[in-house]
There are 2 protein chains.
Amino acid sequence: MERVTQQKLAIAAVLEAAESPLTPPEILTRAAKLVPRLGVATVYRALRSLRKDKKIVVVEIPGEPPRYETATRGHHHHFFCNDCRKVFEVPECPAKLAELAPPEFQVQDHEIILYGKCPDCRTRRNVSAAD
Amino acid sequence: MERVTQQKLAIAAVLEAAESPLTPPEILTRAAKLVPRLGVATVYRALRSLRKDKKIVVVEIPGEPPRYETATRGHHHHFFCNDCRKVFEVPECPAKLAELAPPEFQVQDHEIILYGKCPDCRTRRNVSAAD
DNA sequence: GTTGCTGCAAAAAGTTTGCAGGACG
DNA sequence: CGTCCTGCAAACTTTTTGCAGCAAC
């Protein structure tokens, strides 16, 4: 039913190669190098299709546009740098999160976002302020 | 500088009285009962102003429109019911969250969202399935 | 009496949809 | 070769902005 097209392959490849989650415009720009006449609509349609197949996941940071990343990296969370506004992966995951909710609630999943300064931005600040 | 207007008062009152975070259209509908000729633009402008004053906070659940709630409830997190799509408060907050990130990262804040079934939806399911 | 705030409408920004032609199987 | 997918443009949705009049201080 679902066809394997150059566009979907290109978009999946772009996300696979990405160092961090990408926004639709970023995906369009990068994938257009592989499929020149690529349009926005196709990007959105491909993202929906890939998401339905559980090949990618959405990363939503409050106040930020939705970003997409491959599902091949497994369960993890994200760190958002308040300075450079980049998204980083956080591999750790606390086990007891479900206990946060009152017992009448049935917890099936969770999402954690950490905010702060990434190593680069922290160093930059330290260097200019300290030495 | 910032003026105290009927519109802002009405919107703040609506959020104060709300049982859960509200979307801009919901806020407009409720506040319009207090200030009849209220428009969307004013709601958005008031929300930005109240947010700047730290009187309210945004609650963003992936795939859901932004919601707003009063800041008077202090630090807490949210539970999103996958069935009825309502948002609930979670008072607990794990202390050691900052340790999740690699040590080079400076964690300043965090956000947790739990997903699952709220008591009502869980009961409904249990009743029809079990007894 | 100033000047910021409001309501309305128009504009932006982001995402979806309709349609004719092209690529996949 | 049929039909799903694509590219383009138009439609939608959500949020922002411009402007004349009004209300807060």
Side-chain angles (χ1 to χ4, degrees), chain A residues 1-15 18 20-69 80 85-87, chain B residues 1-15 18 20-69 80 85-87:
Chain A
M1 230 110 289
E2 288 263 305
R3 291 188 181 173
V4 177
T5 65
Q6 293 309 307
Q7 289 82 348
K8 264 185 266 189
L9 288 174
I11 289 167
V14 161
L15 289 178
S20 64
L22 303 179
T23 62
E26 289 169 345
I27 295 166
L28 174 60
T29 305
R30 298 191 188 193
K33 288 173 186 159
L34 306 169
V35 183
R37 310 203 46 68
L38 185 63
V40 228
T42 302
V43 171
Y44 282 103
R45 282 187 281 231
L47 290 175
R48 209 184 319 167
S49 163
L50 291 167
R51 192 170 18 150
K52 185 166 57 58
D53 296 348
K54 304 258 193 275
K55 297 252 181 49
I56 65 173
V57 295
V58 191
V59 178
E60 288 213 47
I61 313 271
E64 288 290 309
R67 291 173 165 91
Y68 296 82
E69 70 179 5
F80 180 73
R85 308 189 84 72
K86 269 177 51 178
V87 177
Chain B
M1 232 107 291
E2 288 261 306
R3 291 185 181 174
V4 177
T5 66
Q6 293 308 308
Q7 289 81 350
K8 263 186 265 189
L9 288 176
I11 289 167
V14 161
L15 290 177
S20 64
L22 302 180
T23 61
E26 289 169 343
I27 296 167
L28 174 61
T29 304
R30 299 191 189 194
K33 289 173 185 160
L34 307 169
V35 183
R37 307 204 50 67
L38 185 63
V40 226
T42 301
V43 171
Y44 281 102
R45 282 188 281 232
L47 289 174
R48 210 185 318 166
S49 163
L50 291 167
R51 193 168 20 150
K52 186 166 56 58
D53 296 348
K54 304 258 193 275
K55 297 254 181 49
I56 64 174
V57 295
V58 192
V59 179
E60 288 215 45
I61 312 273
E64 289 289 309
R67 291 173 166 91
Y68 296 82
E69 71 178 5
F80 181 73
R85 308 189 83 73
K86 269 177 53 178
V87 177

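Residue numbers begin at 1 in each chain, while the letters A, B, ... track the order of the sequences.
- Scored by the salt bridge (Lys or Arg N to Asp or Glu O under 4.0 Å) test, B/R45 finds no partners at all (sequence neighbours excluded).
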- Message: Let's go through A/V58 and A/Y68 carefully: what are the C-alpha distance in whole Å and the side-chain angles of both, what is the deciding distance for side-chain contact (heavy atoms from CB on, under 4.5 Å) to 0.1 Å, and is it a yes or a no?
- Response: CA-CA 5 Å; A/V58 191; A/Y68 296 82; 3.7 Å; yes

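- The salt bridge (Lys or Arg N to Asp or Glu O under 4.0 Å) search around A/K52 returns A/E2, not counting sequence neighbours.
- Side-chain atoms of A/K8 come within 3.5 Å of backbone N or O of A/R3 as a donor-acceptor pair.
- Spacing between atom CD1 of A/I11 and atom C1' of D/dG7 amounts to 13 Å, rounded to whole angstrom units.
- Distance CG (B/L9) to P (D/dA24): 9 Å, rounded to an integer number of Å.
- Look at A/T42 and you won't find any side-chain N or O under 4.0 angstrom from OP1 or OP2 of D/dC5.
- Within the nucleic acid shown, A/V4 comes within 4.0 Å of sugar-phosphate atoms alone, with no base atom in reach, counting heavy atoms only.
- Pairing each heavy atom of A/T42 with each of A/I11, the nearest pair is O-CD1, 4.3 Å.
- Rounded to whole Å, atom C1' of D/dT13 lies 15 Å from atom CG of B/L28.
- Separating the CD1 atom of B/I27 from the P atom of D/dT14 is a distance of 14 Å, rounded to the nearest angstrom.
- Checking side-chain atoms of B/E64 against main-chain N and O of B/I61 turns up no donor-acceptor pair under 3.5 Å.
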Return the polar atom pairs (N/O with N/O) between nucleotides 17-23 of chain D and the protein under 3.5 Å, or none.
residue : atom : partner : partner atom : Å
D/dG18  : O6   : B/R45   : NH1          : 3.4

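- One distance of note links CG of B/L34 with CG of B/L9; it measures 10.0 Å at 0.5 Å rounding.
- To the nearest angstrom, P of D/dT14 lies 15 Å from CG of B/L47.
- Each of D/dT15, C/dG7, C/dC5 was ranked by its minimum atom distance to the side chain of B/Y44; first place goes to D/dT15.
- Protein atom NZ of B/K8 is 15 Å distant from nucleotide atom C1' of C/dG7, rounded to whole Å.
- The residue among B/P66 and A/T5 whose nearest nucleotide of DNA chain D is located toward the 5' end is A/T5.
- When each of D/dG7, D/dT15, C/dT6 is scored by its nearest atom to the side-chain atoms of A/V35, the top-ranked nucleotide is D/dG7.
- Taking atom CD on B/Q7 and atom P on C/dG4, their separation rounds to 17 Å, with Å as the unit.
- Taking atom CD on B/E26 and atom P on D/dT15, their separation rounds to 12 Å, with Å as the unit.
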